[in-house]
Amino acid sequence: ASAVEKRRWTLNDFDIGKPLGRGKFGHVYLAREKRSNHIVALKVLFKSQLQQSQVEHQLRREVEIQSHLRHSNILRLYGYFYDQKRIYLVLEYAPRGELYKELQKCKYFSERRAATYVASLARALIYCHGKHVIHRDIKPENLLIGAQGELKIADFGWSVHTFNRRRTMCGTLDYLPPEMVESVEHDASVDIWSLGVLCYEFLYGVPPFEAKEHSDTYRRIVQVDLKFPPRPIISSTAKDLISQMLVKDCSQRLPLHKVLEHPWIVQNAEISG
Ligand SMILES: Nc1ncnc(NCCc2cnc(NC(=O)Nc3cccc(C(F)(F)F)c3)s2)c1Br
C-alpha cells in the first residue's frame, strides 16, 4: 500500500474497525485510510479531558517530536486531525499488540527474548538521544509488538527535547530514576535507568523497586535498593548489566552503546535483520 500521504484528514477518510485498547485519555481503534487502503491505529482523545489535565502542550510536543523520528523500533505517528470535541492521532498499527499483555501472559521472558528486546530498545534510544529527544516514560505499557515480533516504543507524550529540562511527574513511579523522583535536573540518562528497570521486569516479571506503598517505592528507588530474587534463576551477566544501569549517579550509568557491547546482550540478543 502507498504510504499514508500527509493531508488534511477527517474521520470520513477512515473506516473504523475493532477497538485495540484503551489508554488513560482515550480509546484506540483499528482503522483503514480509504484512499490508500493503509491499515492504521486511530487514537481518539477528548479535548475536554486534555484541557482539564492541562496536557495540550505535551500532545503538541509529541506530534512535533514524532514527526522527525523514523526508526523500526519506534511506532510511527503519521499525523493528527480534530473535530469539535476530539483529537485523533493517526498511528502505525502494531499487529501483535501490547507488550505488557504478553509479559502478563508469560509471567517473565527468557534471557534470549529479554536481551533481544533490550538491544532493540537500546538502539531506538540511541537514535532518539542522537536527535536530543529523551522519552522519559519507557515502561511495558508503552511498548508494542510489530508483525515480526520486534518491539516498538510508543507514546512520546512525556518526551522532551533535552535542552529544556522538565520536572513534570508522570504515571507510575516504578520506572522513574532517582533524579526524577527527587525532582532534580535530569538528562538522557533517565532512559538508561528505565531500560534497566525494564530489563529486570522482563526477567523477573515485576519491577525491581515495587512496594505496596508509594512512599516505599520512592525510598527503594532513591536508595537503589536492588535485590535479585532466587527464582527464576538468572545469569550473573544479566544481573551485572542491570546493576550497571540502575546506578544513582546518572553520569555513572552504562552508556547505551556500551549496553549493546555488554556480554549478556552479545551472547543472548538475536540480531534483527
Ligand atoms: N496495536 C496497537 N497498534 C498501535 N497503537 C496502539 N495503541 C496506541 C499506542 C500509542 C501510540 N502513541 C500514543 N500517543 C498518545 O497516546 N499520546 C497522548 C495521549 C494523550 C495525552 C497525551 C499528552 F497530552 F499527555 F501528551 C499524549 S498512544 C495499539 Br494497542
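One-based numbering, in listed order, for ligands and for the atoms of each. Note that these values count all heavy atoms, side chains included, but never hydrogens, waters or copies made by symmetry.
Considering only non-hydrogen protein atoms, atom 19 (C) of ligand 1 sits nearest to L45 CD2, 3.7 Å. Ranking the protein heavy atoms by distance from atom 6 (C) of ligand 1 puts L144 CD1, 3.7 Å first. The single protein non-hydrogen atom nearest to atom 22 (C) of ligand 1 is L59 CD1, 4.0 Å, given as residue, atom name and distance. Scanning the protein heavy atoms around atom 16 (O) of ligand 1, the nearest turns out to be K43 NZ, 3.0 Å. Of the protein's heavy atoms, A94 N, 2.9 Å lies nearest to atom 3 (N) of ligand 1. Here the protein heavy atom with the shortest distance to atom 15 (C) of ligand 1 is D155 OD1, 3.5 Å. Among all non-hydrogen protein atoms, the one lying nearest atom 10 (C) of ligand 1 is L91 CD1, 3.8 Å. Distance from atom 26 (F) of ligand 1 to its nearest protein heavy atom, with residue and atom name: Q58 CB, 3.2 Å.
Among F46, Y93, F25, the residue whose heavy atom lies nearest to atom 20 (C) of ligand 1 is F25.
The shortest heavy-atom contact between R113 and E102 is NH2-CG, 2.9 Å.
Using a 4.0 Å cut-off to heavy atoms of L50, the atoms of ligand 1 that qualify are 21 (C). Heavy-atom proximity to L89, at under 4.0 Å, picks out these atoms of ligand 1: 14 (N), 15 (C), 17 (N). Atoms of ligand 1 found under 4.0 Å from any heavy atom of A154 (numbered from 1 in listed order, with element): 11 (C).
Taking a 4.0 Å cut-off on heavy atoms, A41 registers as neighbouring ligand 1. The closest approach between a heavy atom of E92 and any atom of ligand 1 is below 4.0 Å.
With a 4.0 Å heavy-atom cut-off, ligand 1 is reached by the side chain of E62 but not by its N, CA, C or O. Of the heavy atoms in V55, both backbone and side-chain atoms come closer than 4.0 Å to ligand 1. Residue-level proximity to ligand 1 for V28 is carried by the side chain, the only part with a heavy atom below 4.0 angstrom.
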Would you list the atom pairs, donor with acceptor, under 3.5 Å between side chains in residues 140-150 and any protein atom, with sequence neighbours excluded?
unit_1: N142; atom_1: ND2; unit_2: D137; atom_2: O; d: 2.7
unit_1: N142; atom_1: ND2; unit_2: D137; atom_2: OD2; d: 3.1
unit_1: E150; atom_1: OE1; unit_2: Q148; atom_2: N; d: 2.9

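Within a 6.0 Å sphere centred on NZ of K248, heavy atoms belonging to other residues, nucleotides or ligands number more than 12. Under a cut-off of 6.0 angstrom, the local environment of CZ in R231 is sparse, with at most 12 non-hydrogen atoms contributed by other residues, nucleotides or ligands.
A115 meets the side-chain contact (heavy atoms from CB on, under 4.5 Å) test with W264, I265, N268, A269; sequence neighbours excluded.
Y127 and R123 form no side-chain donor-acceptor contact under 3.5 Å, judged by distance and modelled atom types alone.
A donor-acceptor pair under 3.5 Å links the side-chain atoms of H68 to the main chain of E64, judged by distance alone. In this structure, K152 contributes its side chain and S72 its backbone to a donor-acceptor pair below 3.5 Å.
Here the CZ atom belonging to F25 is positioned 11.0 Å from the CD1 atom belonging to I87, to the nearest 0.5 angstrom.
A side-chain contact (heavy atoms from CB on, under 4.5 Å) with W9 holds for exactly one of Y88, Y80, F14; it is F14.
In summary, D83 and K85 do not engage in a salt bridge, as defined by a charged side-chain N under 4.0 Å from a carboxylate O.
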